[in-house]
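Model, not experiment: these values are computed from the prediction. By convention in this document, chain letters (A, B, ...) are assigned in the order of the sequence lines, proteins followed by strands, and residues within each chain are numbered from 1.
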Amino acid sequence: MHQPTTHYEEVESVVIRFAGDSGDGMQVTGSQFTNTAAIIGNDISTVPDYPAEIRAPQGTLAGVSGYQVHLASRNIFTPGDEPDVLIAMNPAALKVSLRDLAPGGQIIVDTDEFTPANLNKAGYTRSPLDDSSLQAYTVYPVPITTLNRNALAAIEGLTQKEVDRSRNFFALGLTFWIYDRPLDTTLEWIVEKFKNPKVAAANARSLRAGYDYGDTTEAFSTRYRIKPAPLPAGKYRQVTGNEAAALGLVTAAQLAGKPLVYCSYPITPASDILHNLAPLKHFDVRTFQAEDEIAAMGATIGAAFGGALAATGTSGPGVALKSEAINLAVVLELPMVIVDVQRAGPSTGMPTKPEQTDLFQALFGRNGESPLPVVAPATPADCFDTAIEAARLAIRAMTPVFVLSDGYLANSAEPWAIPDPTTLASIPVAHPSERQGQHYLPYARDLATLSRPWAIPGTPGLEHRIGGLTKQPATGNVSTQPLDHEQMIRERGEKIERLVDVIPEVEVFGSPQGKLLVVGWGSTYGAIRQAVSQAQQAGLPVSSIHLRHLNPFPRNLGAILDNFEQILVPELNLGQLAFLLRARYLRDVVSLPKVQGRPFKISEIRAKIDELV
Amino acid sequence: MEATRPVNGKVNQLGLQKIEYDGSKTTLCAGCGHNSISQRIIDAAYELSLPQHKVIKLSGIGCSSKSPAYFMGRAHGINALHGRMPTVATGATVANHDLLAIGVSGDGDTGSIGFSPYKHMLRRNVPMVYIIENNGVYGLTKGQFSATSDEGQKTRYYGTQRFPSLDMCMEAIVAGAGFVARSFSGDAKQVRELLKAAMAYKGTAVLDIISPCVTFNDEPDSNKSFAYGKANEYPLHEIGVVLPFEEIQVDYEPGTVQQVKLHDGPTIQLRKLEAGYDATSKMGALARLDQAREKGEFITGLLYIDESRPTLPELENLVETPLAWLTEKDTRPSRESLDQIMREFM
Ligand SMILES: Cc1ncc(C[n+]2csc(CCOP(=O)(O)OP(=O)(O)O)c2C)c(N)n1
Ligand code: SF4
Ligand SMILES: [Mg+2]
């Protein structure tokens, strides 16, 4: 047999998008490719793009499901602005993804799917494979469906539908070949996943057939290799933001020596935290699916009063419903974590799309003076650390704490070095066990932290009654005295401010002073970091900081801002952090807002940097 | 959505073809029960010759609540908040009581987050058709249990339901509703006739329609699955709605047919399949529902009807012209009454 000559090319990174109909198994394909990359030791960053409909009509633009993976032999921070390679399983997938594809990118298409009916569903009047519309790209037309059917012809007893359902493994096998990756991880996974041996055999054979096709065809003259990235040693797994948040909450409870009670009402994109926690009963985790957010918040407060580490998770519309009860928690002064996986608003907005528009809601969305700490994770894996940090602050200051994640972090994945639990600092919890004076004083404040004691109901001698009415300091008895009211408000505010004592100072990436400082928070970290690092390499006097703590701000923030001539704040909102910085530090800042339900591209931030320096 | 109907030139009393009651193309899963219900709403509206500009479609949030987009594309619509649609309907029908309000909700939207608005809408007898597309699961958020998932119900992803379910029909009757029906999206004729009756009824008409979610709750052992419904539906009667211009057939054995004349003109005919079931008996309906629940029976039909309670606009003594259309001339008090008010202040 004629062996085509292939040559290998070493590349530093590549961004690949698998796109097809929602029934085509693109999420599985993408995550299998990613798992192998993770095992090889590449740095990876992924993002899925689900259709908004549960199961939109097959072959339509609305039904396209995509999975983008960025893998590299160096540290990377985002799933990539633009795919270099697109695997398009049908015309709709091609059409939807094309606008994102990098100029000169490669496209692998299943030509069998480019039938008149499918072209029509995708809104093509003629096949883009036949005209010049794809001229700017390198197109590899592969009759995947036919090749796959031929490959499976020998397996008996499979329906045509079952045969075609494994097309995605053919595409995956071919992609593995192009990037010179081993098949074994996926082969093992197939055996484990598909209980029906025939289906398992079919998928495995499709995978191999795709790989072998790469070997025999002359279409692909180049194969690519990507070396492992210099990640610190350790045991890694892939983790999405929602998985990491769930694991972080469980870990926080363990570090505090408490059971975790998580009370929630399903809402996109937060539901997965509930789903991840539900099976963890053996880690002392109790989940409660309430009838709505109001009930979920009530149960969270009850769990905190009862002595557990209490947490809830939701998205913006759910926060709106919880607000009344969150305010109660603020004045009861009970510790709990509220995870808000932000989505594009206002109102129902775009449930599956990310935004950072709930910062003001978290800070100010309640009646009265109602301060509480707000923290935000920067990456999917950072959701783990941020959840622990939130619990730590909550318990220290006896207060609800907001975690502002978003839909992008929630579903994106990156490698996560599984931490050694013994290296994590425990979270000190002190429950009073006996009364000091004649009466137990539920609002007697600690002199250093100003927080009140957390007495567990059922402890003899510590019987106490708390509520939402204004209280007398120390005793917590209902009071209408003007000065009692003011003192309690001021003490609660001061208590939150004093958390700066334990909040780490923020670190500057780049020179500690200069022309321009880019300030970010939350999920924009990857894009900002990459843009700033590119600008630095180009010799521009740019630095950046990324805020995990949004209330209170780290102690050194004001001083850092003072060291720069200009401040740029990119945010997925219309300038909420920018507003806070102006108000708090009386510094003018340049806001770079974006509210399209999409994360920043590196290039968008880079362009703004170039404009300013 | 089901195959497009042939345009055969048939028109209703408004001279409209049925296709003119269509909405936009559905984006729900193929085979979803909600799609069939949208079709039946189209059937019923066409047969009743509803003028679409007089119709407001209301919904909450959920797959079910998306469906108003898929019928009566020329009607007005408001897609409200999760669970809060009854409150919006209350305001809308007070402001504009000559509209026909058609609400579409889900079991999560009504039974979980919207349970309290649901009960209070019923107490107040807000004039509207209130459809619960009941699949025992949250479809839109991918398959969690709802308040109507029966104890012991399994779903593919979330284990077994451990709590007893809420029965939306019993809850409706207890709250004072005067039109309470249960049906099955796979029983096209019954759904259509019940919808016609509901649209002609003057107060809140509740239709709890079991509407299988083919993606998250369609295992044959689920009692909200299509296969279960097909095999186990037990209609208490055969229902027909006779419009004022149609002739009422009278050649039934005495005692086998129950007739209810609605104040709007149409007559509901119930040809009994279960002897002795009396749809006008409140306690009878509750007892039968309770028995069905105990025995795991899937009874359908018009469970309870009573037209005697006044509707919210009637109780509010609203004038005949809807508030929304009153002009300044209509609302400005006369000189004399203004003078009298002024005197009272002196
Ligand atoms: C305040 C709020 N909380 C949660 C949600 C998320 N959510 C949307 S639809 C839905 C449940 C829908 O279930 P159901 O009413 O039974 O409709 P189905 O999709 O099953 O037809 C939930 C929890 C939301 N939209 N708003
Ligand atoms: S998920 Fe279920 S309820 Fe939603 S459209 Fe699909 S079948 Fe219908
Ligand atoms: Mg439902």
Heavy atoms from other residues, nucleotides or ligands near CZ of A:R598 exceed 12 (cutoff 6.0 Å): no
CD/A:Q58: more than 12 non-hydrogen atoms of other groups inside 6.0 Å: no
A:S347 versus chain B, the contacting section by heavy-atom distance below 4.5 Å: side chain
Whether over 12 other heavy atoms sit under 6.0 Å from A:K195 NZ: yes
Toward chain B, the part of A:L321 with a non-hydrogen atom under 4.5 Å: side chain
Residue A:Q160 excluded, over 12 heavy atoms near CD under 6.0 Å: yes
CG on A:D292 to NE2 on B:H82, rounded to 0.5 Å: 8.5 Å
Part of B:C63 lying under 4.5 Å from any heavy atom of chain A: side chain
Residue pair B:N79 / A:T348, side-chain heavy-atom distance below 4.5 Å: no
Closest non-hydrogen atom pair, A:Q289 against B:F145: NE2-O, 2.9 Å
Spatial distance of atom OG (B:S116) from atom CD (A:E291) [nearest 0.5 Å]: 10.5 Å
Heavy-atom side-chain proximity of B:T26 to A:P57 below 4.5 angstrom: no
Atom CZ of A:F360 with >12 non-hydrogen neighbours under 6.0 angstrom: yes
Side chains of A:S271 and B:Q144 in contact at under 4.5 Å (non-hydrogen atoms): yes
